[in-house]
Amino acid sequence: MMMISCHCDPSKCQPLSNISETSLEPGQRIRRELDPCCEILRLYCDASACPPAIEFCDAERTIRPRTTVGTCCTLQRCENFCEVYADGEITTRSVGEKWFNMVNETTCMNYECLRNEANETFINSIGIQCNTTCPEGFEAQISHQHCCPQCVQARCKFDDQFYREGQSWASPDGCLLYRCAKDGGFLSISSSRKQCPVVGNCPEQNVVERDCCKVCNYTAEPRMESTTAAPVEQEEGVDFYEEQSYSNHPCKRVCTLGRKPETCYYRFRLEWYRTLSKACYNCPYNGTDCDRPHCIAGDGVRRNVAVINRMMPGPAIEVCENDIIVVDVENHLMGESTTIHWHGLHQRRTPYMDGVPHVSQCPISPGTTFRYTFRADNPGTHFWHSHTGMQRGDGAFGALIIRKDNDIHELLYDHDLSEHVITVQDWGHEQGVSLFAAHHHSTGDNKPPNLLINGRGKYFQRFAKTTPLGTTTTTEAPDLEEDPSVTTQPEAIPVEEVPEETTIVDVPTTVAPTVTTLDDVELLQASSNNNLKTVLHANDVRHRTKRQSRTVNFNAVVVPESQHVPLSVFYVDKGRRYRFRLINAEFLNCPVEVSIENHNLTVISSDGFGIQPLEDLGSFVSYAGERFDFVVKANQPIGNYLIRFRGLMDCDERFTSAYQFAVLRYRGAPEDTEYESWPPYDYEAPGVQLNSLNRGPGAENVITIAETNALDQEDLLLLRDQTDYKFYVYYDFYGKDNPHFHVPSLYGFQQVINNTNRLYTPQLNHISMRMPSIPFLPGKDVLDESQFCNETSVRDRNCREEFCECSHVIQIPLHATVEMVMIDEGFTFDANHPFHLHGHAFRVVGMDRVSRNTTVEDIRRMDEEGRLPRRLKKAPIKDTVTIPDGGYTIIRFIANNPGYWLFHCHIEFHAEIGMSLVLKVGDSSEMLPVPANFPTCYDFKPKLGELGNGTGSTRFTTSLLLLAFAVQTLHRLL
């Protein structure tokens, strides 16, 4: 009890202040004291009441708290939110949360709550200029899902006419009645057939069709039965062909707003087949026979092919966004496995459907079927292809087109037609595996002699030019008043075929070609000053070639076998605009330059992602695995115009000078045009070129892919100066004793007697990829990850000098931001490599060619000095990109798709011998479980000496089966 002095007057004391417990800081306490006559409340610190220290703010133990000094305690605060002041109120947003609002009619602000390096939260904002101008029939509406107003269909469009809601109209023949009505909240067009009266008792020969209805015409003359009915076999063949080509598949439809997703089923039969088979009848000598079902014309030279449903390209899959695609792949190959990859689809939620052998699945064995099921969630121009061996080069590929409603580019074209899909492939006259064996085990080359467009084309015989190499021979453009289908060229003088051991090169001081027969030389090639390079031995070579062409330049004459093979023809109407979709399905190192005679091109998309339209281009270059969408304006006089495809790099004038043509035919132009002569390989494609070979930014008349502008909304996390992870991935061809092709004690790299027998091995960071016996993704719970390797884990080995091979895996946490600096050192060959990433798309933020060659050390130093510029805003989005020889390409992406994803060179000869690595995104526990009854595969190696009679190995086999069963059971329970 407090004692109050007798000299105190309690009545004069102030009442006690009301201090709430909730207003106290951590560690503060309240106690009563006498001071000196009156009772007061005093605050004091109690260290035992301080909250315990916090080491990390998250369960993953990656975010440390921010330390602040309070009145009584030192506190660790985990601020996982941002305070937002809006409309007079303060609200909170979680870290990582994004939101937006319109600040005026044309500007929308994107916000994101982020954390800085000091673990303090802040709000990052980016303004976006909105285009509120909508095409005819659409109106701008604000939604909660999009920052800018979206153009939403307000009227129905049918045959270039617009109809308001509730309006009806008849088809031109009056048989159908259409109506514009709302279905599920969206406008759509419904149709109903005209109601016809029932035909009574009427002789069949008197039944006629009138006004879309069958009626009885008693005055009609009796019909004479035809005596030449079509053979039943032919009708069955047509039906079978239509079934397997899926040319009239119900999912191939107009993708209107408000449509319902469909389940689209396809049956793919992969088998060995033959060009100019019995199905071709008299093709190529009768051009119309080349269009028969199951006839693969190629370039008129017979060879074996591996194809789906006896088509090359295989059946096109054309669906709408969010449809479900189901494909049964039946392997009818004899003794060879397969898989199908859906190039351009990221397989979110369906990683086991990616179609990569030993990564996402086991190979499909001969005689078995694998069902792929996935959602078409990434609209654009894509393609499917075999991801096993050389099958893609042998013909196992086809288009995969996913259309969507309200396409942002619709105002730029009038027609987007299935028949305007262009597929380019490099083409030789022997099976890919035969070419592979000859190149890797002997002196065979890897240079494609030809190109095909939609599976067909001419094959040109090489004739040496009468003018020296480098002397420009121009071809005058045809007078528009004359027939534009015929292009003149200088007279070609034939020369005899030269054996493989010799090389013909045009020397500037002479007209006749000079023959060189040095034993150890396959290194002659023309330099930029039109003189011959010095002939060097292999140790001195910086840019050497595996095999030189028979002539360095030529004019061309079609060989007799392909004289009548019809070119691919693309029909247009004068005055209309057409969207073309080009797919590069090549499997060797042959970039293709595309141009159209007397027409400019407008490129609007690459790899399925829209870019700001690039108008009035003269040409563009595509690399293996890339896709480009472009618009052609049919604004020239009616006629036939050549679409020109020129092979570069291994297809250029140093080697095979491979090139091909198709025809852009205006309706009304002659259809029986025979070309008496063809433009030479070195024709000029005037104007600006997109995606040029080995060119950097700033070059004259060149636009690199890194200089294009994306139309998709920015990924705010990728706009930071630094990403969570950065990897330098460098490569070249290295002269090592790769034991797969050079046995050191017998025929090592330095031991072989002919330079052309030396195989240079392409490697990423001096590592060749070796796939595990159990596929990465299905075996994620049983694989020994200590067997994975990367540049860091092999530092104790001299991989720069010796051959290193292992399961090359880079591990990345889920949702991390990643930057990869791809470097082509470019010492051994004058080559070029397109790289493809599975499971993700990426932003191309930088690209340049430093010199003829470079090193990873040079690029690292330039990066540290700030000499690798990055353009982060509006960087284009792709899944396949080239790296300039002697240069670099920088890509960024968010690793938000858990699984194992292949990253590889898309040249098959390089990928098959290890020019790849695997990205492990997320922990195994964050990956989707293995589907029920998913096929398994693994090594069978019982103990040495045990007989394979089912007794000694029972325990081993049973253990593996029980393990696989236990894993699948556990996944189902979870």
Side-chain angles (χ1 to χ4, degrees), residues 298-299 301 312-313 343 383 385 390 392-395 397 422-432 435-436 438-439 444-460 462 525 543 545-550 552-554 556 582-595 619-628 643-662 681-683 685 689 691-695 733 762 824 829-836 880-885 904-912 915:
D299 60 4
V301 180
M312 190 179 78
H343 190 112
F383 72 116
H385 62 80
M390 304 298 124
R392 181 172 97 241
D394 288 332
F397 62 87
I422 303 174
T423 307
V424 184
Q425 64 187 114
D426 42 15
W427 189 246
H429 300 133
E430 57 181 321
Q431 287 176 224
L435 191 67
F436 178 88
H439 176 68
D445 67 30
N446 58 350
K447 310 298 187 280
N450 205 6
L451 303 173
L452 297 183
I453 310 303
N454 289 355
R456 59 175 55 175
K458 305 292 186 183
Y459 179 42
F460 297 99
R462 276 61 179 157
Q525 68 183 73
H543 282 63
T545 60
K546 180 73 177 179
R547 176 166 306 276
Q548 186 57 35
S549 65
R550 295 184 173 89
V552 292
N553 217 336
F554 66 92
L582 182 133
I583 298 167
N584 190 319
E586 294 177 314
F587 83 117
L588 293 175
N589 190 7
C590 184
V592 172
E593 177 190 88
V594 182
S595 62
S619 61
F620 65 87
V621 176
S622 73
Y623 303 83
E626 285 190 313
R627 292 90 64 208
F628 283 94
I643 307 177
R644 303 170 293 206
F645 304 85
R646 175 163 56 180
L648 308 175
M649 197 51 65
D650 281 3
C651 289
D652 68 15
E653 67 276 4
R654 298 170 301 167
F655 305 105
T656 62
S657 297
Y659 72 125
Q660 193 57 258
F661 301 99
Y681 171 85
D682 58 352
Y683 61 80
Q689 184 176 89
N691 205 26
S692 298
L693 175 67
N694 288 336
R695 303 295 293 274
F733 294 86
D824 186 335
F829 294 127
D830 181 18
N832 189 275
H833 303 265
F835 272 80
H836 174 57
T880 308
V881 71
T882 184
I883 294 89
D885 185 53
H904 64 104
C905 174
H906 216 260
I907 298 172
E908 211 62 58
F909 275 23
H910 302 164
E912 281 297 317
M915 198 174 184

Report task. Using side-chain contact (heavy atoms from CB on, under 4.5 Å) as the criterion, list what pairs up with R695, not counting sequence neighbours. Result -> S692, A699, V702

Query raised in the report: If every non-hydrogen atom of L693 is compared with every non-hydrogen atom of P591, which pair is closest and at what distance?
Result: CD1-CG, 4.2 Å

**Report entry** Ion pair check, D830 and R654, cut-off under 4.0 Å
**Finding:** yes

Requested in this report: Fit a plane to each ring of F628 and F620, take the angle between them on a 0 to 90° scale, and name the class: parallel (under 30°), tilted (30 to 60°) or perpendicular (over 60°).
Outcome: tilted

Requested in this report: Check Q689 against S619 and note the closest heavy-atom contact, atom names and distance.
Outcome: NE2-OG, 2.9 Å

Query raised in the report: Mind checking whether H910 and H833 have parallel, tilted or perpendicular rings, split at 30° and 60°?
Result: tilted

Report task. Return the minimal non-hydrogen interatomic distance between P884 and D824, and the atom names on each side. Result -> O-CB, 3.4 Å

Query raised in the report: Would N589 and N446 count as having a side-chain donor-acceptor pair, cut-off 3.5 Å?
Result: no

Query raised in the report: Salt-bridged, K447 to D445, with N to O below 4.0 Å?
Result: no

Report summary line: Rounding to 0.5 Å, atoms CD1 (I583) and NE2 (H385) come to a distance of 10.5 Å

Query raised in the report: With a distance cut-off below 6.0 Å to the six-membered ring centre and an angular limit of 45° from the axis, does R627 pair with F383 as a cation-pi contact?
Result: no

Query - Nearest-0.5 Å distance that lies between atom CG in L648 and atom OH in Y623 - result: 7.5 Å

Report task. Give, for atom CG of L582 and atom CD1 of I422, the distance between the pair rounded to the nearest 0.5 Å. Result -> 5.5 Å

Query raised in the report: How long is the span from the CG atom in L588 to the CZ atom in F436, to the nearest 0.5 Å?
Result: 11.0 Å

Query raised in the report: Can you name the nearest heavy-atom pair linking Q660 to L451, along with the distance?
Result: NE2-O, 2.7 Å

Report summary line: In terms of heavy-atom contacts, N450 and Y659 come closest through OD1-O, 3.7 Å

Report summary line: Here the gap from F587 atom CZ to F397 atom CZ, rounded to the nearest 0.5 Å, amounts to 10.5 Å

Query raised in the report: Is R644 close enough and on-axis enough to F661, meaning under 6.0 Å and within 45°, for cation-pi?
Result: no

**Report entry** Polar side chain donor-acceptor pair, N832 to T882, under 3.5 angstrom
**Finding:** yes

Report task. Rounded to the nearest 0.5 Å, what's the gap from CG on D426 to CD on E586? Could you check? Result -> 4.5 Å

Report summary line: Scanning both residues in full, the closest heavy-atom pair of N694 with M649 reads ND2-CE, 3.6 Å

Report task. Ignoring hydrogens and angles, state whether a donor on the side chain of E626 or N691 is under 3.5 Å from an acceptor on the partner side chain. Result -> yes

Query raised in the report: Listed by chain and number, what are the disulfide (SG to SG under 2.5 Å) partners of C651, not counting sequence neighbours?
Result: C590

